[in-house]
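Remember, it's a predicted structure, so these values are computed and weren't measured experimentally.
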Amino acid sequence: MSALTRAVTAAFAPAGALYQAEPAYRPRAGQIAMAEAVAETIEARGVLVAEAGTGVGKTYAYLVPALLSGQRVLVSTATRALQDQLFARDLPRLVHGLGLPLRMARLKGRSAYLCLERLDQVRQGRTAPQDPQVLRSVATVERWARTTLTGDLAELPALDERSPAVPLVTSTKDNCLGSDCPRWQDCHVNQARRQALEADVVVINHHLLFADLDVRESGVAQLLPSTGVVVIDEAHQLNDTGVQFAGEALSSQQLIAYARDVLRATQAHARGMADWLVLCATVEQAVRELRLQAEGTGAGASRLAWQGVTPLGLDAQRWRFALVRLGQSLRALLTPLAAMEDMAAELQRVYARGALLLSRLAGFAASADEDCVRWLEVGPRHLRMLASPLNIARVMRERLLGRSLEADEVPDGAKAEQAAWIFTSATLGSDAQLSWFTEPCGLRGARVLRVDSPFDYAHHAALYVPQPFAVPGSAAHSPQVAQLVREAAERIGGRTLVLTTTLKALNAIGEQLRQSLGLFSDLEVLVQGEGPKLALMERFMAAGAAAAFASVPSGVNGSTRRGCILVASATFWEGVDLPGDVLQLVVIDKLPFPPPDDPLVEARTRRLESVGRQAFHDYMLPEAAMALKQGAGRLIRSETDRGVLVVCDPRLQTMGYGAELMAALPPMRLLGSEDEFKNALDALAGGHSL
Ligand code: SF4
């Protein structure tokens, strides 16, 4: 046993450091097995893919060996919220418990930090907003700016991250003044990067990991060479995030903003040296003409797949003509800029930015690579061209891991330079190789570990598939889901989360629940989109806690307490952690197959079929299985939780592939009839076993 594994075993032993960190800590065999596997991987500088079911305690299972290794550690989480939770809660608690003098830092993308220079510009009226609500938000930022030490906008929960005030007070790579900035020394972005470079443990997010690959601008690229252990938590999101960020995009807004920035810069530093006004206006006009080509399709807000060199549904000749004109207008602007870029740093910056935009445009005008998918996003006032790799396998191997795991042994000398990589999540696949995750991420050949959840699903959870039931997609389906939800939620006093696969179903089910419950019901209906996710979750939890306090099931004796039904889609399928009695019923409207008309899904399907594989079996089905597992995972979050999962899609039982999807779910008892379902709900309402 190596020194690190011994130290890890000791930390998890009774009276070890874990007990210091967490008074309620109890040893769990799965957690210790995972921690030991992580320790071995760190020592071997290898790659481990570990699926750890809910309740295993995977955060401590990777943090303990990583922190004890003496190496610099980089931990990446899926979202900024998870990043904050790890940095503010789990990490300090553990560092303290282990008694290690480690410096910790958290690094986010630049849009998370206040830009002092841009705030100055707003103050001086150079970019002053007109909208009174935006003005109020900026005033809040201004007050907070006087006292914040980090400049992290997450310290201002009142500021919605989608607020139009945010771009006014944050920077982008394009508008940051760099070392010419008068606020360079006290800049929050620089400060966060400096702290990350000096820290022993740095917490980042997946976006940052990929956003940095080409531009090497966020500070992560500087961290990686000196990092000994990289942990990717919530790794199931890695491929999607990577595909989005390792790709390229070019938007009409970006091009118009560019033309306006050039005009500003040239008026300040090269006035009269070219007809800037006309040159910039010509670029803007060419952008508008390109946009018109897509608007002419009547596509509205949509995504158009790309075939050859033209998005589907557009007139190929007119599209190409508009692209060429845009390229010409950009080139015409760049020519005088190139001759004058030495006159001022700002001119140099706008020239470099323009050259990059032009090369992207040229990329979109040429044929796409084979392993790449392109599409066009058309909104009411914007147009965006996007290109993504079909998966991140190559990026992972060549740009991040720096090795191919399927190749023969890495020479020892090279190995000593490599970091150990740990990928973990509760949902990584349904086969022994966890292929759903390892294949698209280029990790076939990595060590794989599966640790089952310690929860007693057989006794604490049940699955109900109502039969007969309306066919998913039919007009009767959403009303029937709403009716089932209403009756069930009335029996247990709310405590119900409805997960839908489409926004259409989300709105239909939410609306019908409200109509049928009426204004004076005990039950409140919350629908995603009516407020920030956090606020909806807090409302749901507060209603659940109030209902538990009343301890009498709703509708039984006319008590006036309110329970809650939350109807949600997309982001609520994961990351919702509501332990206890607050949530006891999860209803999934239909099997979550990927939408076949999505350009990325279409391209992946075509690719698999072109090499003789079955897209449904090798791609659609595993995707649905993983999404179903994620959704079902919302139900049981602690050892004492009890609940019922309902899947309103008879195909789970009637189709041959249903067995494969069932196998992805935790081993729950199957409720065979409506009566059994009602009995189970009554048992939950009465606080009894299922
Ligand atoms: S250096 Fe860039 S991010 Fe920092 S204050 Fe200046 S403009 Fe803003």
Side-chain angles (χ1 to χ4, degrees), residues 2-13 15-23 25 31-32 34-46 48 50 57-77 80-108 112 149-150 152 154 188 190-206 208-209 218-234 416-424:
S2 72
L4 179 58
T5 311
R6 271 200 305 278
V8 168
T9 310
F12 282 97
L18 265 289
Y19 286 86
Q20 315 291 326
E22 192 80 68
Y25 173 75
Q31 186 181 45
I32 295 171
M34 178 171 162
E36 287 174 354
V38 173
E40 287 159 14
T41 306
I42 292 173
E43 299 230 288
R45 295 187 174 261
L48 173 71
K58 66 178 164 56
T59 309
Y60 280 11
Y62 66 70
L63 276 182
V64 170
L67 298 180
L68 288 173
S69 71
Q71 311 259 2
R72 171 182 260 177
V73 179
L74 192 66
V75 183
S76 182
T77 64
R80 283 181 186 167
L82 288 170
Q83 202 182 349
D84 288 339
Q85 185 183 311
L86 186 66
F87 182 77
R89 197 187 67 184
D90 303 323
L91 195 52
R93 213 183 271 175
L94 197 54
V95 165
H96 181 256
L98 291 169
L100 296 168
L102 297 176
R103 290 162 299 178
M104 296 171 280
R106 163 181 42 185
L107 184 62
K108 300 180 179 177
L149 295 176
T150 67
D152 185 341
H188 292 302
N190 290 339
Q191 194 182 35
R193 289 177 188 174
R194 275 198 301 271
Q195 282 170 357
L197 282 169
E198 288 163 6
D200 305 296
V201 189
V202 185
V203 184
I204 61 165
N205 57 57
H206 302 348
L208 214 53
L209 197 63
S218 71
V220 174
Q222 288 80 352
L223 280 171
L224 274 174
S226 57
T227 297
V229 184
V230 183
V231 180
I232 308 293
D233 198 351
E234 298 297 311
E417 301 293 315
Q418 289 176 343
W421 285 73
I422 318 294
F423 299 85
T424 187

**Student:** Quick one: side-chain hydrogen bond (donor to acceptor under 3.5 Å, both in side chains) partners of R103, sequence neighbours excluded?
**Tutor:**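 Partners of R103 by the side-chain hydrogen bond (donor to acceptor under 3.5 Å, both in side chains) criterion, ordered by chain and then number, come out as D200.
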**Student:** Could you state the interatomic distance from CG (N190) to CD (Q195), rounded to the nearest 0.5 Å?
**Tutor:**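 One finds 11.0 Å between CG of N190 and CD of Q195.
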**Student:** Who passes side-chain hydrogen bond (donor to acceptor under 3.5 Å, both in side chains) against T41, sequence neighbours left out?
**Tutor:**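 Result, side-chain hydrogen bond (donor to acceptor under 3.5 Å, both in side chains) vs T41: none returned.
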**Student:** Apply side chain to side chain contact (heavy atoms under 4.5 Å, CB included) to the pair T9 and I32, showing each step before the final yes or no.
**Tutor:** CA-CA 7 Å; T9 310; I32 295 171; 5.6 Å; no
**Student:** With rounding to the nearest 0.5 Å, note down the distance linking OG in S76 to CG in L209.
**Tutor:**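 One finds 5.0 Å between OG of S76 and CG of L209.
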**Student:** By side-chain hydrogen bond (donor to acceptor under 3.5 Å, both in side chains), which residues pair with S69, not counting sequence neighbours?
**Tutor:**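 For S69, no residue satisfies side-chain hydrogen bond (donor to acceptor under 3.5 Å, both in side chains) once neighbours in sequence are set aside.
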**Student:** Distance-only criterion, 3.5 Å: show the donor-acceptor pairs between side-chain atoms of residues 94-101 and protein atoms not counting sequence neighbours.
**Tutor:**
none

**Student:** Looking at side-chain heavy atoms only, is the closest gap between L102 and V73 below 4.5 Å?
**Tutor:**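 They are not in contact (no side-chain heavy atoms under 4.5 Å apart), so the answer is no.
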**Student:** Looking at every non-hydrogen atom in both residues, tell me the closest pair between A420 and I42 and how far apart they are.
**Tutor:**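 Shortest heavy-atom contact: CB-CA, 3.7 Å.
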**Student:** State, with a plain yes or no, whether a side-chain heavy atom of V38 is found less than 4.5 Å away from one of L48.
**Tutor:**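 Result yes, sub-4.5 Å side-chain heavy-atom pair found.
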**Student:** Assess whether side chain to side chain contact (heavy atoms under 4.5 Å, CB included) is satisfied between L4 and L68, documenting all intermediate values.
**Tutor:** CA-CA 7 Å; L4 179 58; L68 288 173; 3.8 Å; yes
**Student:** Does the side chain of S2 pick up a donor-acceptor pair with the side chain of E43 at under 3.5 Å?
**Tutor:**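 Distance-only check passes for S2 and E43.
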**Student:** Could you tell me whether the side chain of Q222 reaches within less than 4.5 Å of the side chain of L197, counting heavy atoms only?
**Tutor:**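 Yes, their side chains come closer than 4.5 Å.
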**Student:** Kindly list each side-chain donor-acceptor pair under 3.5 angstrom involving residues 81-92, sequence neighbours excluded, with atom names and distances?
**Tutor:**
unit_1: Q83; atom_1: OE1; unit_2: N205; atom_2: ND2; d: 2.9
unit_1: Q83; atom_1: NE2; unit_2: L107; atom_2: O; d: 2.7
unit_1: Q83; atom_1: NE2; unit_2: V203; atom_2: O; d: 3.0
unit_1: D84; atom_1: OD1; unit_2: R106; atom_2: NH1; d: 2.8
unit_1: D84; atom_1: OD1; unit_2: K108; atom_2: NZ; d: 2.9
unit_1: D84; atom_1: OD2; unit_2: K108; atom_2: NZ; d: 3.3

**Student:** Below 3.5 Å, can you tabulate the donor-acceptor pairs from side chains in residues 59-67 to any protein atom, sequence neighbours excluded?
**Tutor:**
unit_1: Y60; atom_1: OH; unit_2: E22; atom_2: OE1; d: 3.2
unit_1: Y62; atom_1: OH; unit_2: D233; atom_2: OD2; d: 2.7

**Student:** For the CG atom of L74 and the CG atom of L208, what is their distance to the nearest 0.5 Å?
**Tutor:**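 If I round to the nearest 0.5 Å, the distance is 9.0 Å.
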**Student:** List the atom of T424, the atom of A50, and the distance in Å for their closest heavy-atom pair.
**Tutor:**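 Closest approach of T424 to A50: OG1-O, 2.8 Å.
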**Student:** List in chain and number order the residues that pass salt bridge (Lys or Arg N to Asp or Glu O under 4.0 Å) with E36, two or more places apart in sequence or in another chain; answer none if no residue qualifies.
**Tutor:**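 By the salt bridge (Lys or Arg N to Asp or Glu O under 4.0 Å) rule, E36 matches no residue at all.
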**Student:** Quick test of your reading: applying salt bridge (Lys or Arg N to Asp or Glu O under 4.0 Å), list the pairs with at least one residue in residues 66-75, sequence neighbours left out, ordered by first then second residue.
**Tutor:**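 For residues 66-75: none.
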**Student:** Can you pull out every salt bridge (Lys or Arg N to Asp or Glu O under 4.0 Å) where at least one residue sits in residues 3-13? Sequence neighbours excluded, please.
**Tutor:**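 Checked against salt bridge (Lys or Arg N to Asp or Glu O under 4.0 Å) - neighbours excluded - no pair reaches residues 3-13.
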**Student:** Does Y25 have any side-chain hydrogen bond (donor to acceptor under 3.5 Å, both in side chains) partners at least two apart in sequence or in another chain, and if so, which?
**Tutor:**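 Q31.
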